[in-house]
Every structure is written in C-alpha cells, then in structure tokens.
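Chain identifiers are assigned alphabetically (A, B, ...) following the order of the sequence lines, protein sequences preceding nucleic acid strands; residue numbering begins at 1 within each chain.
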Number of protein chains: 2
Amino acid sequence: MDLFVKVFKALGEPTRLKILRILSVRPMYVCELESVLNISQPRISQHLRVLKEAGVLREAKEAQKTFYMLNGDIIERVFGDFIQFLGEDIGKLPGFEKETARIANLDSDSCVQSCKNVNSAGS
Amino acid sequence: MDLFVKVFKALGEPTRLKILRILSVRPMYVCELESVLNISQPRISQHLRVLKEAGVLREAKEAQKTFYMLNGDIIERVFGDFIQFLGEDIGKLPGFEKETARIANLDSDSCVQSCKNVNSAGS
DNA sequence: TTATTATATAATAATATCCTTATATTGTGA
DNA sequence: TCACAATATAAGGATATTATTATATAATAA
C-alpha cells in the first residue's frame, strides 16, 4: 500500500503532472525542462526527485547533464495493481488482518454506542 | 488536469486508501467504518469528505446515518483518462499552449546559459 | 420537549509540502 | 588548475495537510 501512496502522492501535484506530461513528449535534460516550463531549476530538480523516487521516472547521466524519461509503463502497471488491490479478497491482503476480523464481527449493533459493554462487565 | 490532481491527492494518503479498500468490500455507515478502522469519527468524516469531493465516493443519507460507497468505476475511468492524457498529442491539450510552443523552439543551445542574448542586443 | 444517536464542522497544534535563495557538487573546456 | 555549465542539495519561510478535541446539527426515541 505504501507504494500506492507514494505514487499517488507524486502524481497529486500540478507541477509534477506538468513535468510528466512534458516528458511524455520525449525525454529531456533538466535544462530543457527549465526552458519549457519556465520555472526555477531547483524547483524542477526537487519535483524530479519525487517522481524518480516514486519510480515514475528514470534518469540517465550524460556528462554534467541529466536526462529524465518516463519509466516505461510503470504508471499503467501501478494503476492495474491498484484496481486489483481494490478487487482482491480483503482477507488475503497483508496489513488488513485486524480490519478483516472487525468486518466479520460487524453486527446490527455496531452503531449503537450505548450500554453495549455495561452488562458484560459481570457482577 | 485539476481533476487528476484532486483524485491523485485524495488517493495519496494511507488512511484514505484504507477507507477505500474497506468500502470496496461493501458500502458502510460511518459508524461501521469507525468500528472497522478503529480511528476517531471526525478523522473518518474528514477523509470521507475528501474522497467524496474527488468523486471517488458517493453518500446516501438514511435518517441519522450516512451510507458511503465507491462511486462506480470512476477510479478506472480517471486512470484511463490519465493514460490518455499522457499519450495525447500535447498540442491538443488545453493549458499546454506555451509549453508546446517552447518545446518547438528547443534547439541545441537550449542548455547554454552563456552569452546567447548578448550579441543580439545590437549596438 | 428532552435526551440520545450519528455525523459534520470548527479550532487548534503538529507535521509535511512547496517554493525560493543560496550553496555544493560534478564534469568539461580553456 | 581555473572558470563555468548543469544539476543537486540545504535552509528558510509560507502554506497546506492531518489528527485531536470540542462543539454543532439533525434525526429519532422516550
């Protein structure tokens, strides 16, 4: 799930989406992105790092320059995995053990805050 | 593009992803989510609002209760639209006019900051 | 009407994100 | 080596997000 969060967080920012869209035209150097986007170089570098760390971009160093490109069809794959994640039997998902158990225990009284536990206190 | 940002931002948060995953088992009342997730009610309500405003969830009021459910296959549709957005001819995208023009003007000197403009200043 | 249930909203503090300015790093050519 | 080009990183302030606590709203039942 952490990967989903990371990727969606990376995509959920307008400047990064613009960078992605530009790089989907063709791979570019940072300095080219700077010309195209007309925003500051550190700002671009920082966003590129987030996208790279999410696995969405790859980089290729060429002398002083760095070439950035979309990382294959990773976005499609993550999207597919996410749809699958939503459709999967929740009992099979790691990290949802407690939730699965609590869903199984949901009964019609689940929403009644009143004296549910008072009587079971025994005396 | 704003819609993409809104949806990805909504998905890019662990608690909201958990809520989504739980609601993909079946629609639930807020109080049921509270039992299942074991987190505070305001926290759940606030996340539900974000998801609803992104269009990912729908709600149905039933007396005092509110029933929340996944909004059909909107996620799949947004994902599909986004892949299409990335593949589209950038010249056809609203909001990318300037970038399109600047890409067209990129030349081999695009990365040379030096005296590009000095000579053209005329004298 | 009054109390209670279910939910939403408001206010606040803690944390995270984003952008800018400044500086560091690394490679290249003079 | 020295200067510079290209990029990355660091530090700072401004803003946004998240979670908590407290309160408001709205429906229902007594």
Short side-chain N/O contact to D/dA8 OP1/OP2 from A/T66, under 4.0 Å: yes
Minimum-distance nucleotide to B/H47 side chain [options: D/dT7, C/dC18, D/dA19]: D/dA19
B/Q46 side chain, from C-beta outward: closest of D/dA19, C/dC19, C/dT7: D/dA19
Over-ring placement of A/K18 relative to B/F96, 6.0 Å and 45° cut-offs: yes
Which nucleotide in C/dT21, C/dT7, D/dT7 has an atom nearest any side-chain atom of A/C31: D/dT7
Sugar-phosphate, base or nothing in reach of A/F67, heavy atoms under 4.0 Å: nothing
Any A/Y68 side-chain N or O less than 4.0 Å from OP1/OP2 of D/dA8: yes
Short side-chain N/O contact from B/T15 to OP1 or OP2 of D/dT18, under 4.0 Å: no
A/R26 and A/E32 ion-paired at < 4.0 Å: yes
Of the listed nucleotides D/dA27, D/dA8, C/dT7, the one nearest the side chain of A/E59: D/dA8
B/E13 side-chain proximity, nearest of C/dT28, D/dT18, C/dA8: D/dT18
Strand DNA chain D as a dot-bracket string - pairs counted if Watson-Crick or G-U with both distances under 3.5 Å, | where the partner lies in another strand: |||||||||||.||||||||||||||||||
Sugar-phosphate, base or nothing in reach of A/K52, heavy atoms under 4.0 Å: nothing
From D/dT18, D/dT28, C/dT17, nucleotide with atom closest to B/A63 side chain: D/dT28
